[in-house]
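Letters A, B, ... are given to chains in the order of the sequence lines, protein chains preceding strands, and every chain is numbered from 1. Computed from a prediction, not measured in an experiment: that's the story for all the values here. Quick note: numbers below take in every heavy atom, side chains included, and nothing from hydrogens, waters or symmetry partners.
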Protein chains: 2
Amino acid sequence: MVGNMDQLARTPNDIGHALRAARKQQRLSQQALATRSGVWQETISKIENGSPGTRMETIFDLCAALNLEIQITERSQGSTDFLEDTL
Amino acid sequence: MVGNMDQLARTPNDIGHALRAARKQQRLSQQALATRSGVWQETISKIENGSPGTRMETIFDLCAALNLEIQITERSQGSTDFLEDTL
DNA sequence: TTGCTTTATGATATTTACATCATAATAAAA
DNA sequence: TTTTATTATGATGTAAATATCATAAAGCAA
């Protein structure tokens, strides 16, 4: 394990983990986050537990409230995966 | 100019722009992307034009098909750069 | 144990994204 | 121009996310 390369999100679970980690790091309850994000506590619970299909904007709201940012970048050519673009 | 730091996404429009840019860069039509992502061309059109409320998983599907990755990170404190974790 | 806080869950109603089709508008070639 | 490829748009039906409430389940202190 080289480092903290775990902000990568490719599934609803990844999102949930990232959000929960950030919230806990800031010692916010789901309810406190709900208040400052406008997303309901019940919804936050589901998202943190990886419920699928969450709307982008809900994630944006939570990220904003948690001082998180979302970046979209080219996938860095990984180690063992050998998938080639036959462009 | 240090680098291309414009993959930041905080609105549906940002997502749309990133996706369209990547698709064009790879010279794919919306239909071609639709085929390889499982997302319909009509839906791709709307997303690229910033339609709100898109489901996370739809974005994931498109990113996967375009070799893009989504990262969630702490918002880097701007200019005055003494940020402390009072852990 | 009790009591308090936090998180999860169940139900309902509204809203909306997406699939799907058809097609219109636009762009690009020919 | 005409033809073809691409993108956008409009309509419909279904599936599902979220707001909202009520409450159950966990967790944690006293």
Side-chain angles (χ1 to χ4, degrees), chain A residues 6-7 9-72 74 85-87, chain B residues 6-7 9-72 74 85-87:
Chain A
D6 223 86
Q7 331 81 331
R10 28 172 62 128
T11 68
N13 246 299
D14 295 340
I15 301 269
H17 281 136
L19 290 176
R20 172 163 287 173
R23 179 177 63 80
K24 293 235 154 171
Q25 208 172 288
Q26 297 176 42
R27 289 180 196 77
L28 296 171
S29 67
Q30 290 180 350
Q31 183 53 59
L33 177 57
T35 299
R36 56 166 80 175
S37 67
V39 179
W40 283 69
Q41 178 267 317
E42 296 86 338
T43 301
I44 294 174
S45 171
K46 284 167 195 158
I47 292 171
E48 287 187 353
N49 286 308
S51 101
T54 305
R55 287 189 290 120
M56 257 176 21
E57 283 180 308
T58 303
I59 303 301
F60 285 146
D61 290 344
L62 293 172
C63 284
L66 287 169
N67 272 290
L68 298 176
E69 62 182 26
I70 296 181
Q71 294 184 247
I72 303 186
E74 275 182 37
D85 294 2
T86 31
L87 200 261
Chain B
D6 222 86
Q7 330 78 334
R10 29 172 60 125
T11 68
N13 246 299
D14 295 340
I15 301 270
H17 282 136
L19 291 176
R20 173 164 287 172
R23 178 177 63 79
K24 294 232 153 173
Q25 209 172 289
Q26 297 175 42
R27 289 178 199 75
L28 295 171
S29 67
Q30 289 180 350
Q31 183 53 62
L33 178 56
T35 300
R36 57 167 79 179
S37 67
V39 179
W40 281 68
Q41 178 267 317
E42 296 85 338
T43 301
I44 294 173
S45 171
K46 285 166 195 161
I47 291 171
E48 287 187 354
N49 285 307
S51 99
T54 306
R55 287 189 289 120
M56 257 174 20
E57 284 179 307
T58 302
I59 303 300
F60 286 146
D61 290 344
L62 293 173
C63 284
L66 287 169
N67 272 290
L68 298 175
E69 62 182 26
I70 296 180
Q71 295 184 247
I72 303 186
E74 276 184 36
D85 293 2
T86 33
L87 203 255

Quiz item: Roughly how many Å is it from CG in B/Leu19 to P in D/dT7, rounded to a whole number?
Solution: 14 Å
Quiz item: Checking B/Asn49 side chain against B/Lys46 main chain: does a donor-acceptor pair fall under 3.5 Å?
Solution: no
Quiz item: Under 4.0 Å: is that the gap between some side-chain N or O of B/Arg27 and OP1 or OP2 of D/dT6?
Solution: no
Quiz item: Checking A/Thr43 side chain against A/Val39 main chain: does a donor-acceptor pair fall under 3.5 Å?
Solution: no
Self-check item: For atom CZ of A/Arg23 and atom P of C/dT5, their distance in whole Å
Solution: 17 Å
Quiz item: Along nucleotides 15-29 of chain D, 5' to 3', which nucleotides get a B, which get an S, and which get a -, given that the test is a protein heavy-atom distance under 4.0 Å?
Solution: --SSSBBB-------
Quiz item: Taking A/Arg23 for the side chain and A/Leu28 for the main chain, is one N or O donor matched with an acceptor at less than 3.5 Å?
Solution: yes
Quiz item: Hey, does B/Ser45 reach any base, or is it just sugar-phosphate, or nothing, if we go heavy atoms under 4.0 Å?
Solution: base
Exercise. Say whether, by atom type as modelled, one donor and one acceptor occur between the side chain of A/Gln26 and the main chain of A/Leu66 under 3.5 angstrom.
Key: yes
Practice problem: Could you state the atom-to-atom distance from CD of A/Gln31 to C1' of C/dA8 in whole Å? | Solution: 13 Å
Quiz item: C/dT7 C1' sits how many Å from A/Leu28 CG, rounded?
Solution: 15 Å
Quiz item: In whole angstroms, how far is the P atom of C/dA17 from the CG atom of B/Asn49?
Solution: 14 Å
Exercise. Verify side chain to side chain contact (heavy atoms under 4.5 Å, CB included) between A/Leu19 and A/Ile44, making sure each step is shown before the conclusion.
Key: CA-CA 9 Å; A/Leu19 290 176; A/Ile44 294 174; over 6 Å; no
Quiz item: With sequence neighbours left out, what residues match A/Glu42 under side chain to side chain donor-acceptor pair (under 3.5 Å)?
Solution: none
